[in-house]
**Q** 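Just passing along the structure, written as structure tokens.
Below, chains carry the letters A, B, ... as their sequence lines are ordered, and counting in each starts from 1. Just the heavy atoms: all of them, side chains too, but no hydrogens, waters or symmetry mates, feed the values below.
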Protein chains: 2
Amino acid sequence: MSKLDESLLSGLPPFSRLGRPQIREILDLAVPRRYDTGSAIFREGAEAERFYLLLDGVIRVIRTTPTGEQIIALHIAPGQLFGIAPALQRDTYPATAMAAADCVALSWPVRLWHGFTAKYDGFATESYRTVGERLGEMQTRIVELATKAVEQRVAAALLRMANQTGRKTEEGIEITFPITRQNISDMTGTTLHTVSRLLSAWEKEGLVKSTRKHVVVTAPHRLMMLCGAVD
Amino acid sequence: MSKLDESLLSGLPPFSRLGRPQIREILDLAVPRRYDTGSAIFREGAEAERFYLLLDGVIRVIRTTPTGEQIIALHIAPGQLFGIAPALQRDTYPATAMAAADCVALSWPVRLWHGFTAKYDGFATESYRTVGERLGEMQTRIVELATKAVEQRVAAALLRMANQTGRKTEEGIEITFPITRQNISDMTGTTLHTVSRLLSAWEKEGLVKSTRKHVVVTAPHRLMMLCGAVD
DNA sequence: CGAGTCCTTGAGGTGAGTCAACTCGTGTGG
DNA sequence: CCACACGAGTTGACTCACCTCAAGGACTCG
């Protein structure tokens, strides 16, 4: 098996302050793996054995209710750590991580976490920054869910995805991973029907373009108006 | 000014592994203060200058939307750290902390945070456990808001408060701090009218007793049925 | 070409928000 | 000590945004 190249990590925040030899050490301990679209990397409630770094693809973090509904807590973009339960002293994963597109991720056994934070300058700092950002994002979502109407929530969800993992094209900002109306409704606590109606209406007004499993935001500023500012 | 007694901290998780001399050091750096009901300890967006430990009372963590609505993100019970923005590498507070009852809290300047985590065994660990728990709680709330009907959300909110800060009495579990219908609606993303109707109905059925700014859960198990299990 | 997803659109019902009017309890000030 | 004001809570009537139910169309893959 060929060695992983150091350039994989050198630009990423948790590792940016480290030298090549240190990155080499870390890489030599990592297990790389590919995950097909739709497969689970780990499941809610399972023992937290490893923590992960996403190199490519998109991860969808999902929580399931006792009654079987599922809601999408957040998406994770390449370059981010995930499954960092150990950082929070948890021994099980709080949610399921699923590959929203084909993904490649590195992983390490949790027992290395403590050593990483102690040994590598900036690793702990940057990891906790990530946690802080996610916490902030979750607070924002709580506020949205509690105060905004469905239309605004869907608009906000689209914009968030466009910002986090979007790619600029001449048509607008394209959401780079496959996404169904059902997925969007799982993010916003509504139904696929309502999402479908909204997207249809927005398409007529030229705010978005969508095809099967694929959305492009063509007029982000106008969408932003819709969701009552913020984010 | 009389010195703070070491017993204030010795039982609390973040400090439980420390010896008396270490606790003495920490206390000598702390600034104790009293906060009247309704006053703000710090405000959303303000520069994070200090972090806090609640000794007595209850803190309400609030986020305000651009349109002026406010929602209650969580409550904090005595013995917990709060305003720990520095732990997450934030330089501003992500939400407002308000005294839901008369409170007493210690605080330290953020520049000490790093030293605390480095010097005191268990401090970092326990602090991050707290963060992890709050993150989990927020996820649960997102799921609730997204999937549950208003009735279930209100039931869940009451139970959560009863669990976290409730006191057992012969009548049932009493929520120990003043709480209005408006407050409850701010937690659950509904209106004070709806909460009022629900509480009235529940009172008739013997699930709760409530007076002005005061709620006692008399039949927690039956409430739990209502909210469709979980928490 | 058939089966499985994914998406669309209509019709109808309803949970919970809005509007409005009133009561009750508490604290304040003349 | 009364009255008055204000905040908190109650309750009814109305309305509408969104869900549910239902049917059918379109794309994709084996």
Side-chain angles (χ1 to χ4, degrees), chain A residues 36-38 60 65 67-72 100-102 144-158 175 177-205 208-216 226-228, chain B residues 36-38 65 67-72 100-101 144-158 175 177-205 208-216 226-228:
Chain A
D36 287 329
T37 304
R60 188 168 280 155
T65 68
T67 56
E69 294 130 310
Q70 58 179 45
I71 86 111
I72 298 176
D102 291 352
E144 273 177 23
L145 282 166
T147 65
K148 292 187 178 176
V150 166
E151 182 178 48
Q152 304 177 305
R153 302 209 299 267
V154 174
L158 285 183
I175 293 172
F177 55 93
I179 183 152
T180 66
R181 324 278 138 153
Q182 174 76 63
N183 292 153
I184 298 176
S185 70
D186 286 342
M187 278 176 250
T188 51
T190 177
T191 61
L192 76 161
H193 308 277
T194 301
V195 172
S196 176
R197 283 185 238 270
L198 285 172
L199 287 182
S200 297
W202 289 342
E203 180 132 21
K204 278 202 191 83
E205 304 192 8
V208 303
K209 287 207 172 199
S210 69
T211 57
R212 182 170 240 250
K213 290 188 166 202
H214 189 83
V215 179
V216 181
L226 262 187
C227 70
Chain B
D36 287 330
T37 304
T65 68
T67 56
E69 295 131 309
Q70 58 178 44
I71 85 112
I72 297 176
E144 273 177 25
L145 283 166
T147 66
K148 291 187 179 177
V150 166
E151 182 178 49
Q152 304 176 308
R153 302 209 298 264
V154 174
L158 285 182
I175 293 171
F177 55 96
I179 183 150
T180 66
R181 322 280 138 152
Q182 173 77 62
N183 293 153
I184 298 176
S185 69
D186 287 342
M187 277 175 251
T188 50
T190 178
T191 62
L192 74 162
H193 309 278
T194 301
V195 172
S196 176
R197 284 186 239 267
L198 285 173
L199 286 182
S200 297
W202 290 343
E203 181 131 22
K204 278 202 192 82
E205 303 192 9
V208 303
K209 289 207 172 199
S210 69
T211 58
R212 183 170 238 253
K213 291 189 168 199
H214 190 84
V215 179
V216 180
L226 263 188
C227 71

**Q** Specify the residue among A/R153 and B/K204 whose closest nucleotide of DNA chain D lies further upstream toward the 5′ end.
**A**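 By nearest-heavy-atom nucleotide position, the 5'-most residue is B/K204.
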
**Q** If you measure from CG on B/L145 to CD on B/Q152, what distance do you get to the nearest 0.5 Å?
**A**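 Going from the CG atom of B/L145 to the CD atom of B/Q152 covers 12.0 Å.
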
**Q** Mind checking side chain to side chain donor-acceptor pair (under 3.5 Å) for A/H193 and listing every partner two or more places apart, or none if nothing turns up?
**A**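 With neighbours one apart ignored, the set is empty.
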
**Q** Check the pair B/V150, B/L198 against side-chain contact (heavy atoms from CB on, under 4.5 Å), reporting the backbone distance first and the verdict last.
**A** CA-CA 9 Å; B/V150 166; B/L198 285 173; 4.2 Å; yes

**Q** Under 3.5 Å, which N/O atoms of the protein pair with N/O atoms of nucleotides 14-18 of chain D?
**A**
unit_1, atom_1, unit_2, atom_2, d
D/dC18, OP1, A/V150, N, 3.0

**Q** To the nearest 0.5 Å, how far apart are OG1 in B/T65 and NZ in A/K148?
**A**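 Here the interatomic distance stands at 8.0 Å.
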
**Q** Starting at CD of B/Q70, measure out to CG of B/N183 and round the result to the nearest 0.5 Å.
**A**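 Interatomic distance, B/Q70 CD to B/N183 CG, rounded to 0.5 Å: 8.0 Å.
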
**Q** Taking 5' to 3' order, which nucleotide of DNA chain C is first and which is last to have an atom within less than 4.0 Å of a heavy atom in chain A?
**A**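 Counting from the 5' end, contacts occupy C/dT5 to C/dA11.
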
**Q** Is there side-chain contact between B/V154 and B/W202, with heavy atoms separated by less than 4.5 Å?
**A**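 With C-beta onward as the side chain, the pair touches.
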
**Q** So do the side chains of B/I184 and B/I179 get within less than 4.5 Å of each other, counting heavy atoms only?
**A**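 The answer is yes; the side chains approach within 4.5 Å.
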
**Q** Atom CG of A/L199 and atom C1' of D/dA26: how far apart are they, to the nearest Å?
**A**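 About 17 Å, once rounded to whole Å.
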
**Q** Which heavy atom of A/T37 sits nearest a heavy atom of A/A101, and at what distance?
**A**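 For A/T37 versus A/A101, the nearest heavy atoms are OG1-C, 3.3 Å.
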
**Q** Over the length of the helix from C/dC1-D/dG30 to C/dG30-D/dC1, how much do the five-pair end axes diverge, rounded to 10 degrees?
**A**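 Rounded value for the end-axis angle: 30°.
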
**Q** For the pair made of CG in A/L192 and C1' in D/dT20, what is the distance, rounded to whole Å?
**A**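 Rounded to whole Å, this separation is 12 Å.
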
**Q** Given the rule in the side-chain contact (heavy atoms from CB on, under 4.5 Å) test, do A/L158 and A/I175 qualify, once you have shown the distances and angles that lead to the verdict?
**A** CA-CA 8 Å; A/L158 285 183; A/I175 293 172; 4.1 Å; yes

**Q** Please give, in whole Å, the distance from D/dC19 P to A/L198 CG?
**A**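 It works out to 9 Å between those atoms.
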
**Q** Does a donor on one side chain sit under 3.5 Å from an acceptor on the other, for A/E69 and A/T67?
**A**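 Looking only at side-chain atoms, A/T67 and A/E69 do form a donor-acceptor pair, the distance falling under 3.5 Å.
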
**Q** To the nearest 0.5 Å, what is the distance between CG (A/L226) and CD (A/E205)?
**A**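 If I round to the nearest 0.5 Å, the distance is 8.0 Å.
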
**Q** Please produce a list of atom pairs where a protein N or O lies less than 3.5 Å from an N or O of nucleotides 27-30 of chain D.
**A**
unit_1, atom_1, unit_2, atom_2, d
D/dC27, O2, A/R212, NH2, 3.4

**Q** Could you tell me which non-hydrogen atom of B/C227 sits nearest to which non-hydrogen atom of B/A156, and how far apart they are?
**A**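 What the structure gives for the nearest pair is CB-N, 4.1 Å.
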
**Q** Distances for protein N/O vs nucleotides 21-25 of chain D N/O pairs under 3.5 angstrom?
**A**
none

**Q** Of the non-hydrogen atoms in A/R153 and A/E144, which two are nearest, and what is the gap between them?
**A**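 So the two residues come closest at CD-O, 3.6 Å.
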
**Q** About how many Å separate CZ of A/R181 and OG1 of A/T191, when rounded to the nearest 0.5 Å?
**A**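 With rounding to 0.5 Å, OG1 (A/T191) is 13.0 Å from CZ (A/R181).
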
**Q** Heavy-atom distance under 4.5 Å between the side chains of A/H214 and A/V216, does that happen here?
**A**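 Yes; the side chains approach each other to less than 4.5 Å.
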
**Q** Whole angstrom is fine here: how far is it from CD in B/E203 over to P in D/dA8?
**A**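 Taking CD of B/E203 and P of D/dA8, I get 19 Å after rounding.
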
**Q** Please report the distance, rounded to the nearest Å, between CD in B/Q182 and P in D/dC6.
**A**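 In whole Å, D/dC6 P lies 18 Å from B/Q182 CD.
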
